[in-house]
Chemist: 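Here's a structure for you.
Ligands are counted one by one from 1 in listed order, and the atoms in each one are counted from 1 as well.
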Amino acid sequence: RTGWIEVICGSMFSGKTEELIRLLNRAKIARQKIQIFKPALDKRYHEENIVSHNDNSIPSIPVQSAQQISDLAENCEVVGIDEAQFFDEGIVDVCDQLANNGKRVIIAGLDMDYKGKPFGCMPQLMAIAEYVTKVHAVCMVCGEVASHSYRLSPSDERVLLGETDLYEARCRRCFNLGDKAS
Ligand code: ADP
Ligand code: MG
């Protein structure tokens, strides 16, 4: 049986984790062996579980590096990865190899950072994937379809873990208007 790669991307609050959990639960119902990973640095909601903003959750293994995923995923049929933008560049080959070995690999991650630039290895992962789904949030300023994650704090670190206190989903226009939009 062949494997393949599916990418779920979008801004913060767009439903990436929700969609990942939905697909993995269906794979569970189909009695497939699944394994879910997240980067160990992301401990916002739970040490181990993957948790969505509408409070769905599913157990995962927090890992420090992409290599650990290939070691731990050996015996499963479906591999889920959340917050893929935070992994090192090894994640691209790891996902490619897992798919080459017959596994279904489902990857969720931010396509853009808070500056609106492509985030980490997401562009590469989207390029090698068989399927790419872009999900959208609601613009917190005007209610339009939101594609961008707007940072409300003045910090300029690329990785600044936070929630509705630090970020809001915005459409392109309100993202570009910055402070003037709100
Ligand atoms: P992501 O993983 O993309 O950050 P989640 O799957 O964790 O998103 O959360 C999606 C949920 O977030 C939605 O079902 C909704 O309940 C909630 N939510 C909060 N703010 C927004 C917003 N601005 N637009 C859409 N959904 C939002
Ligand atoms: Mg998420």
Side-chain angles (χ1 to χ4, degrees), residues 5-28 34-63 66 69 78-88 91 95 105-123 125-126 129 131-153 155 157-179 181-182:
I5 299 173
E6 298 168 40
V7 168
I8 304 159
C9 65
S11 68
M12 289 184 71
F13 311 106
S14 62
K16 302 181 298 297
T17 301
E18 206 179 318
E19 178 63 5
L20 179 65
I21 292 172
R22 188 181 74 86
L23 295 176
L24 291 167
N25 277 332
R26 287 178 63 100
K28 256 194 223 170
I34 68 173
Q35 195 54 260
I36 309 155
F37 301 94
K38 70 172 186 178
L41 74 92
D42 189 20
K43 290 182 175 163
R44 278 172 294 180
Y45 313 104
H46 195 277
E47 287 282 323
E48 307 212 322
N49 288 0
I50 281 174
V51 183
S52 70
H53 292 109
N54 57 342
D55 287 335
N56 286 335
S57 76
I58 196 165
S60 74
I61 303 179
V63 290
I69 297 179
V78 182
V79 181
I81 302 173
D82 201 8
E83 305 288 357
Q85 78 281 350
F86 288 149
F87 279 102
D88 58 276
I91 192 74
C95 291
V105 185
I106 314 175
I107 304 164
L110 287 167
D111 46 8
M112 288 183 273
D113 63 14
Y114 77 103
K115 289 181 169 166
K117 302 296 179 216
F119 207 147
C121 287
M122 290 302 289
L125 291 167
M126 290 160 77
Y131 305 97
V132 178
T133 304
K134 197 174 254 219
V135 286
H136 303 91
V138 175
C139 176
M140 293 304 282
V141 179
C142 74
E144 281 288 348
V145 170
S147 45
H148 287 66
S149 309
Y150 183 73
R151 184 179 284 178
L152 299 160
S153 102
S155 163
E157 283 170 86
R158 192 175 210 197
V159 176
L160 177 65
L161 292 182
E163 262 323 290
T164 46
D165 53 327
L166 284 181
Y167 295 95
E168 67 185 15
R170 288 197 179 186
C171 70
R172 179 181 288 275
R173 181 167 173 274
C174 294
F175 177 82
N176 287 328
L177 282 172
D179 292 346
S182 41

Chemist: Decide, yes or no, whether a salt bridge links K16 with E18 under the criterion of side-chain N to carboxylate O below 4.0 Å.
Modeler: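 Salt bridge between K16 and E18, a charged N being under 4.0 Å from a carboxylate O: no.
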Chemist: Strictly under 2.8 Å, is any N, O or S atom of M12 next to the Mg ion (ligand 2)?
Modeler: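 No N, O or S atom of M12 is closer than 2.8 Å to the Mg ion (ligand 2), so no.
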Chemist: Rounded at 0.5 Å granularity, tell me how far CD1 in I107 sits from CD in E6.
Modeler: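 It comes to 9.5 Å.
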Chemist: Within a radius of less than 6.0 Å around CE of M140, do more than 12 heavy atoms belonging to other residues, nucleotides or ligands occur?
Modeler: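 No, CE of M140 has 12 or fewer neighbouring heavy atoms, counting only those of other groups under 6.0 Å.
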Chemist: What is the distance from atom CZ of F86 to atom SG of C121, rounded to the nearest 0.5 Å?
Modeler: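 Going from CZ on F86 over to SG on C121, the span is 13.0 Å.
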Chemist: Check whether F175 forms a cation-pi arrangement with R170 (NZ or CZ under 6.0 Å from the six-membered ring centre, at most 45° off the ring normal).
Modeler: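 No - R170 does not lie over the ring of F175 by the 6.0 Å and 45° rule.
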Chemist: Looking only at side chains, do D179 and Y150 share a donor and an acceptor under 3.5 Å apart?
Modeler: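 Yes, because at least one side-chain N or O of D179 sits under 3.5 Å from a partner of the opposite role on Y150.
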Chemist: Taking non-hydrogen atoms within less than 4.0 Å of ligand 1, which protein residues qualify?
Modeler: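 Residue list for ligand 1: S11, M12, F13, S14, G15, K16, T17, E18, S52, H53, N54, A137, V138, M140, A169.
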